[in-house]
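Note that the structure is predicted; figures quoted are calculated from it, not measured. Numbers for residues simply follow the sequence, beginning at 1.
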Amino acid sequence: GGPGFMLPGAVARYGLDDEPTRRESPEESWTIAPGLRRGETGPFGLGLVRVTSARPGATVTFGPWRAHPLDTASVEVFHEVRENSMLEYRFDEAAWARVPDDGVIQGAAPVRRLALRSRGTVDLYGVAVETGAPGVVVDGAGVVGAHAAQLAAIDWTSLGRQLTRRAPRLVAIQFGTNEVASHHTRAAVIEATFAELIARVKRHAPESAVLVFGPPDMARREGETWVTPAGLADVIAAERRAAERAGAAFFDSLAALGGAGRMDELTRARPALAYPDHIHLTRRGYEQLADAYVDALTAGYTRWRSTHPD
């Protein structure tokens with residue numbers, strides 16, 4: 001178990017509408033190069049972002065984990081150092097030490113905070129924090145307004161290497177809503193893009209299962225009525241075909257929440273399951289979608305066990 005992959009707090013809040021593209025973080029002179037933005041090709045890491053120390057001695061912190069300090073901590077720091085540079089770390093108030101080339105560091109219990117400090121110019125992609133406790137570790141990356149084609153277009157050199165190091169058991173890919181909203185719904189392009197993304201994941205994480213998570217419902221106003229865009233069905237069908245042909249799983253989020261034409265109903269539910277923009281689900285809506293996914297996964301496993309008793 002453990003927190004999994006993490007970005008510094010100030011970095012994690014960037015969006016595609018931030019200006020300028022490269023800006024100084026409030027956390028002590030790190031510049032941010034966000035991925036999946038026009039003109040930015042990478043390299044980027046698992047968090048789809050790269051931060052670079054703007055001056056020697058720039059520091060950044062992860063935590064504090066006050067309420068639940070980590071009993072033990074195995075941390076992998078994803079970074080690259082420039083010539084004559086290095087990255088240092090310390091847990092809590094311990095002495096500073098050099099981050100080894102493989103990025104793996106250990107903290108003695110209880111760990112409440114991790115700090116990193118540059119000596120020279122360092123590219124930092126994030127850290128992965130795990131404990132010895134059992135549990136599921138979830139590494140998540142999301143970028144506001146992103147399209148699948150943008151992920152396929154960037155440099156995967158660092159991203160792929162980090163994906164290999166994390167050795168996930170399952171990689172879930174979810175795009176589609178923004179493609180529909182911006183009318184980028186050519187089925188052949190969508191299918192080819194997802195096929196490429198699935199192939200890249202399998203190349204860098206060959207032991208991982210791959211799941212394509214289809215987009216949920218959305219709606220546009222036509223007169224007095226909210227209507228599901230016609231392009232949504234095309235995108236879902238293209239994603240499903242790409243998944244099936246590549247041997248990946250596909251989860252139909254639209255069907256899981258009741259099918260097309262329900263978005264306005266979801267906004268009027270109490271508590272609301274979707275926001276008034278008729279595009280984004282609320283936290284409660286995403287929880288309901290997650291419950292539906294877990295139910296489907298459990299049902300599928302039960303069926304598989306019935307034919308594989310050993």
Are Ile279 and Phe175 connected, step by step, through hydrophobic side chains (Ile, Leu, Val, Met, Phe, Trp, Tyr) whose heavy atoms are closer than 4.5 Å? yes

Between the main-chain N or O of Glu83 and the side-chain N or O of Ser85, is there a donor-acceptor pair closer than 3.5 Å? yes

Please determine whether residues Ile190 and Phe250 belong to a single hydrophobic cluster, defined as Ile, Leu, Val, Met, Phe, Trp and Tyr linked transitively by side-chain heavy-atom distances below 4.5 Å. yes

Can you tell me how far apart NE2 (His278) and CH2 (Trp226) are? Round to the nearest 0.5 Å. 4.5 Å

Could you grab the distance from atom CZ of Arg268 to atom CD of Glu265, nearest 0.5 Å is fine? 6.5 Å

For Arg221, look at atom CZ and say whether over 12 heavy atoms of other residues, nucleotides or ligands are found less than 6.0 Å away. yes

Give, for atom CE of Met86 and atom CZ of Arg117, the distance between the pair rounded to the nearest 0.5 Å. 8.0 Å

Does the side chain of Ser74 come within less than 4.5 Å of Gln106's, by heavy atoms? yes

In sequence, state the C-alpha distance, the side-chain angles, and the governing distance for Asp123 and Arg82, and then conclude on side-chain contact (heavy atoms from CB on, under 4.5 Å). CA-CA 8 Å; Asp123 294 322; Arg82 309 285 180 90; 3.0 Å; yes

More than 12 heavy atoms from other groups under 6.0 Å of CZ on Arg220: yes

Output a table of donor-acceptor pairs, distance under 3.5 Å, between side-chain atoms of residues 136-145 and any protein atom two or more places apart or on a different chain; print 'none' if there are none.
from	atom 1	to	atom 2	distance (Å)
Asp139	OD1	Phe5	N	2.7
Asp139	OD1	Arg166	NH2	3.3
Asp139	OD2	Arg166	NE	2.7
Asp139	OD2	Arg166	NH2	3.1

State, to 0.1 Å, how close Arg55 and Ser29 come at their nearest heavy-atom pair, and which atoms those are. NE-OG, 3.1 Å

Can you find a pair of side-chain heavy atoms, one from Arg90 and one from Thr59, that are under 4.5 Å apart? no

Do Leu170 and Leu289 belong to the same hydrophobic cluster, where Ile, Leu, Val, Met, Phe, Trp and Tyr are linked whenever their side-chain heavy atoms lie under 4.5 Å apart, directly or via other members? yes

Ignoring hydrogens, what is the shortest heavy-atom contact between Ser53 and Ala58? Give both atom names and the distance. CB-CB, 4.1 Å

Run the side-chain contact (heavy atoms from CB on, under 4.5 Å) test on Phe62 and Val77 for me, step by step, so that the C-alpha distance in whole Å, both residues' side-chain angles and the decisive distance to 0.1 Å come before the verdict. CA-CA 11 Å; Phe62 297 84; Val77 182; over 6 Å; no

Full working for side-chain contact (heavy atoms from CB on, under 4.5 Å) between Leu273 and Leu281: CA-CA 6 Å; Leu273 300 178; Leu281 301 178; 5.5 Å; no

Minimum heavy-atom distance between Gly258 and Arg262, given as atom pair plus value: O-CD, 3.5 Å

If we only count heavy atoms from C-beta on, is the Pro43 to Tyr125 side-chain gap below 4.5 Å? yes

Just jot down the side-chain contact (heavy atoms from CB on, under 4.5 Å) partners of Glu191, sequence neighbours excluded, or say none. Ala238, Arg241, Ala242, Arg245

Would you mind reporting whether His147 and Ser182 have side-chain heavy atoms less than 4.5 Å apart? yes

In Å, rounded to the nearest 0.5 Å, how long is the span from CG of Leu124 to CZ of Arg50? 11.5 Å

Minimum heavy-atom distance between Ala248 and Ile198, given as atom pair plus value: CB-CD1, 4.1 Å

Taking every heavy atom of Val180 against every heavy atom of Leu232, the minimum-distance pair comes out as CG2-CA, 3.8 Å

Main-chain N/O of Ala187 paired with Asp234 side-chain donor or acceptor, under 3.5 Å: no

With a cut-off of 6.0 Å (strictly less than), are more than 12 heavy atoms of other residues, nucleotides or ligands near CZ of Arg203? yes

Once rounded to the nearest 0.5 Å, what's the spacing between atom CZ of Arg303 and atom OG1 of Thr298? 10.5 Å

Enter the distance from Asp252:CG to Phe213:CZ here, rounded to the nearest 0.5 Å. 10.0 Å

Run the side-chain contact (heavy atoms from CB on, under 4.5 Å) test on Ile105 and Phe91 for me, step by step, so that the C-alpha distance in whole Å, both residues' side-chain angles and the decisive distance to 0.1 Å come before the verdict. CA-CA 10 Å; Ile105 55 180; Phe91 291 106; 4.0 Å; yes

Is it the case that the side chain of Asp217 and the backbone of Gly261 share a donor-acceptor pair, with hydrogens and angles ignored and the cut-off at 3.5 Å? yes

May I ask you to decide if the ring planes of Trp156 and His204 are parallel, tilted or perpendicular, using 30° and 60° as cut-offs? parallel

Shared ILVMFWY cluster between Met263 and Tyr286, side chains joined below 4.5 angstrom? yes

Would you indicate whether the side-chain heavy atoms of Pro215 and Glu239 approach each other to under 4.5 Å? yes

Of all heavy-atom pairs between Thr282 and Ala272, which one has the smallest distance, and what is that distance? OG1-O, 2.8 Å

Just wondering, more than 12 heavy atoms not from Arg169 lying within 6.0 Å of its CZ? no

Is any side-chain heavy atom of Leu211 less than 4.5 Å from a side-chain heavy atom of Tyr293? yes

Treating Ile, Leu, Val, Met, Phe, Trp and Tyr as nodes and any side-chain heavy-atom pair under 4.5 angstrom as an edge, say whether Leu257 and Met218 lie in one connected cluster. no

Determine whether Asp102 and Arg165 make a side-chain contact, defined as any pair of heavy atoms from C-beta on separated by less than 4.5 Å. yes

Report yes if some heavy atom in the side chain of Leu48 is under 4.5 Å from a heavy atom in the side chain of Leu159; otherwise report no. yes

